[in-house]
Amino acid sequence: MPVGDLFDLTDRVALVTGASSGIGKSIALALASAGAAVLLVARSADALDATCSEIERSGGRAESLPCDLADRDELKACAVRAGECLAAPDILVCAAGVNLRAPMLEVTEEAWDATMRINLEAPFFLAQKLAPPMIARGWGRIINIASLQSVRAFADSAPYGASKGALAQLTRAQAQAWSRYGVNANAIAPGFFATGLTAAVASNSARWADMAARTFTGRNGELSDLWGAALFLASRASDYVTGQTLFVDGGFSAG
């Protein structure tokens with residue numbers, strides 16, 4: 001097989017959560033550019049439609065699937081609709097997330113529950129619904145979007161860090177359960193990227209510069225820095241890679 005073909009996603013179907021903005025949208029665009037038909041999942045129908053149009057203008061295929069991932073009934077319905085829109089997904093990217101910042105002593109039960117529902121439970125239950133058809137076909141890819149906070153603590157983000165640490169472990173558990181059937185599970189742990197989730201940090205120029213200074217590369221991430229990792233983990237190129245968390249952070253986690 002030519003090396004370039006290892007990254008070709010033609011005839012693959014990818015479902016990407018959080019696809020209306022930020023990391024989820026960027027990865028959806030990358031997968032579409034490699035030939036995948038993409039099912040776009042998030043709460044905002046208008047934002048999803050805009051992403052869908054952007055993909056179609058570039059010659060790709062996409063469908064919008066509005067869903068509140070914190071609602072388990074909607075999550076189940078989304079998994080069913082996913083198989084009816086284009087075809088049963090071969091690739092699942094769980095990028096939707098929330099970070100409801102507060103000092104640990106001020107975290108409410110509502111904030112804790114909302115964080116766990118979206119950041120951890122949605123990836124678990126969505127993969128549980130979508131993995132069986134992948135197993136039946138003998139091929140699939142699950143990519144969870146973890147975080148620096150999977151392994152490091154940052155102030156005022158205890159629920160987020162707990163959910164992302166658990167997501168890295170969930171990735172390993174999924175890999176252990178399903179890789180023998182051709183369904184590999186891996187995670188991408190981004191460093192600091194300017195998205196809605198990091199607005200509180202990015203809007204503070206001193207803090208943003210400090211984050212950049214703590215990397216080996218001397219800069220924070222651009223969304224395009226995630227494309228190569230996403231295509232690698234979504235494609236045949238990663239056939240023998242599973243249960244791993246790939247840090248795309250400019251060396252931040254290695255310091």
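Side chains are part of it too, since the values below use all heavy atoms of this structure and drop only hydrogens, waters and symmetry mates.
Residues Ala82 and Leu65 share a closest heavy-atom pair of CA-CD1, 3.9 Å. What you find for Ala34 and Asp8 is that their closest heavy atoms are O-OD1, 3.3 Å. Of all heavy-atom pairs spanning Ile142 and Ala127, the tightest one is CD1-CB, 4.1 Å. Residue Ala47 comes nearest to Ser20 through the heavy atom pair CB-CB, 3.6 Å, listed as atom of the first residue, atom of the second, then distance. Contact record, Val107 with Pro159: CG1-CG, 3.6 Å, taken as the closest heavy-atom pair. Nearest heavy atom pair, residue Thr198 against residue Arg101, reads CA-NH2, 4.3 Å.
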Does Lys164 form a side-chain contact (heavy atoms from CB on, under 4.5 Å) with Asn119? I'd like the steps, not just the answer. CA-CA 7 Å; Lys164 292 300 184 175; Asn119 293 7; 4.3 Å; yes
Residues Tyr160, Leu100; criterion side-chain contact (heavy atoms from CB on, under 4.5 Å); working and verdict: CA-CA 7 Å; Tyr160 181 81; Leu100 305 175; over 6 Å; no
Start with the C-alpha distance between Leu231 and Leu9, add both sets of side-chain angles, then the distance that settles side-chain contact (heavy atoms from CB on, under 4.5 Å), and finish with yes or no. CA-CA 9 Å; Leu231 289 177; Leu9 298 181; 4.1 Å; yes
Could you go through the side-chain contact (heavy atoms from CB on, under 4.5 Å) check for Trp178 and Thr242 one step at a time? CA-CA 10 Å; Trp178 299 329; Thr242 193; over 6 Å; no
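Here the CZ atom belonging to Arg214 is positioned 11.5 Å from the OG atom belonging to Ser253, to the nearest 0.5 angstrom. A distance of 12.5 Å separates CD in Gln149 from CG in Leu167, rounded to the nearest 0.5 Å. In this structure, CG on Asp156 lies 9.0 Å from CE on Met104, to the nearest 0.5 angstrom. Rounding to the nearest 0.5 Å gives a distance of 7.0 Å between CG of Leu92 and OG1 of Thr17. The distance from atom NZ of Lys76 to atom CD of Gln128, rounded to the nearest 0.5 Å, is 9.5 Å. Taking CD of Glu121 as the reference point, atom CG of Asp113 lies at 8.0 Å (rounded to 0.5 Å).
Thr108 contributes a side-chain N or O that, together with a main-chain N or O of Ala111, makes up a donor-acceptor pair within less than 3.5 Å. With hydrogens and angles ignored, the 3.5 Å screen pairs no side-chain donor or acceptor of Ser147 with any backbone N or O of Ala189. In terms of modelled atom types and a separation under 3.5 Å, the side chain of Ser157 and the main chain of Ala153 share no donor-acceptor contact. Judged by distance alone, with hydrogens and angles left aside, the side-chain atoms of Thr10 form no donor-acceptor pair with the main-chain N or O of Gly35 at under 3.5 Å. Side-chain atoms of Asp90 come within 3.5 Å of backbone atoms of Val13 as a donor-acceptor pair (strictly under, hydrogens ignored). Side chain of Ser58 to main chain of Gly60: no donor-acceptor pair is present (N/O by atom type, distance under 3.5 Å, no hydrogens or angles). Using a distance-only test at 3.5 Å, with no hydrogens or angles considered, a donor-acceptor pair links the side chain of Ser53 to the main chain of Asp49. A distance-only check finds no donor-acceptor pair linking the side chain of Asn144 to the backbone of Cys94 [under 3.5 Å]. Proximity of a side-chain donor or acceptor of Asn204 to a complementary backbone N or O of Ala206 within less than 3.5 Å is detected.
Hydrophobic clustering, with ILVMFWY side chains joined whenever heavy atoms are under 4.5 angstrom apart, groups Leu69 together with Leu130. Using a 4.5 Å cut-off between side-chain heavy atoms of Ile, Leu, Val, Met, Phe, Trp and Tyr, with links allowed through other members, Leu233 and Val248 fall into the same hydrophobic cluster. Using a 4.5 Å cut-off between side-chain heavy atoms of Ile, Leu, Val, Met, Phe, Trp and Tyr, with links allowed through other members, Phe124 and Met116 fall into the same hydrophobic cluster. Leu29 and Trp227 fall into different hydrophobic clusters, where Ile, Leu, Val, Met, Phe, Trp and Tyr are joined by side-chain heavy atoms under 4.5 Å apart, directly or via other members. Cluster annotation: Phe247 is not connected to Val93 through the hydrophobic network of ILVMFWY side chains, with a link wherever side-chain heavy atoms come within less than 4.5 Å.
For the pair Leu226/Ser26, no side-chain contact is recorded, criterion being any heavy-atom separation below 4.5 Å from C-beta on. At a threshold of 4.5 Å between non-hydrogen side-chain atoms, the residues Val41 and Leu126 do not count as touching. Side-chain contact between Thr245 and Ser150 is absent, with no heavy-atom pair separated by less than 4.5 Å. The side-chain heavy atoms of Ile143 and Ile27, taken from C-beta on, include no pair separated by under 4.5 Å. When side chains are defined from C-beta on, Ile23 does not count as touching Ile188, because their heavy atoms never get closer than 4.5 Å. Between Arg72 and Arg117 there is a side-chain heavy-atom pair separated by less than 4.5 Å. You'll find the side chain of Leu246 stays beyond 4.5 Å of the side chain of Asn186, heavy atoms only. At a threshold of 4.5 Å between non-hydrogen side-chain atoms, the residues Leu148 and Phe192 count as touching.
Within 6.0 Å of the CD atom in Glu56, the count of heavy atoms belonging to other residues, nucleotides or ligands exceeds 12. Around the CZ atom of Arg61, the shell of radius 6.0 Å holds no more than 12 heavy atoms that belong to other residues, nucleotides or ligands.
A salt bridge between Arg236 and Asp239 is present, with a side-chain N of the basic residue lying under 4.0 Å from a carboxylate O of the acidic one. For Asp225 and Arg219, the salt-bridge test passes: some basic side-chain N is under 4.0 Å from an acidic carboxylate O.
Between Phe252 and Phe154, the angle of the ring planes lies from 30° to 60°, which puts this pair in the tilted group. Using bins of under 30°, 30° to 60° and over 60° for the plane-to-plane angle, the ring pair Phe232/Phe7 lands in the tilted bin.
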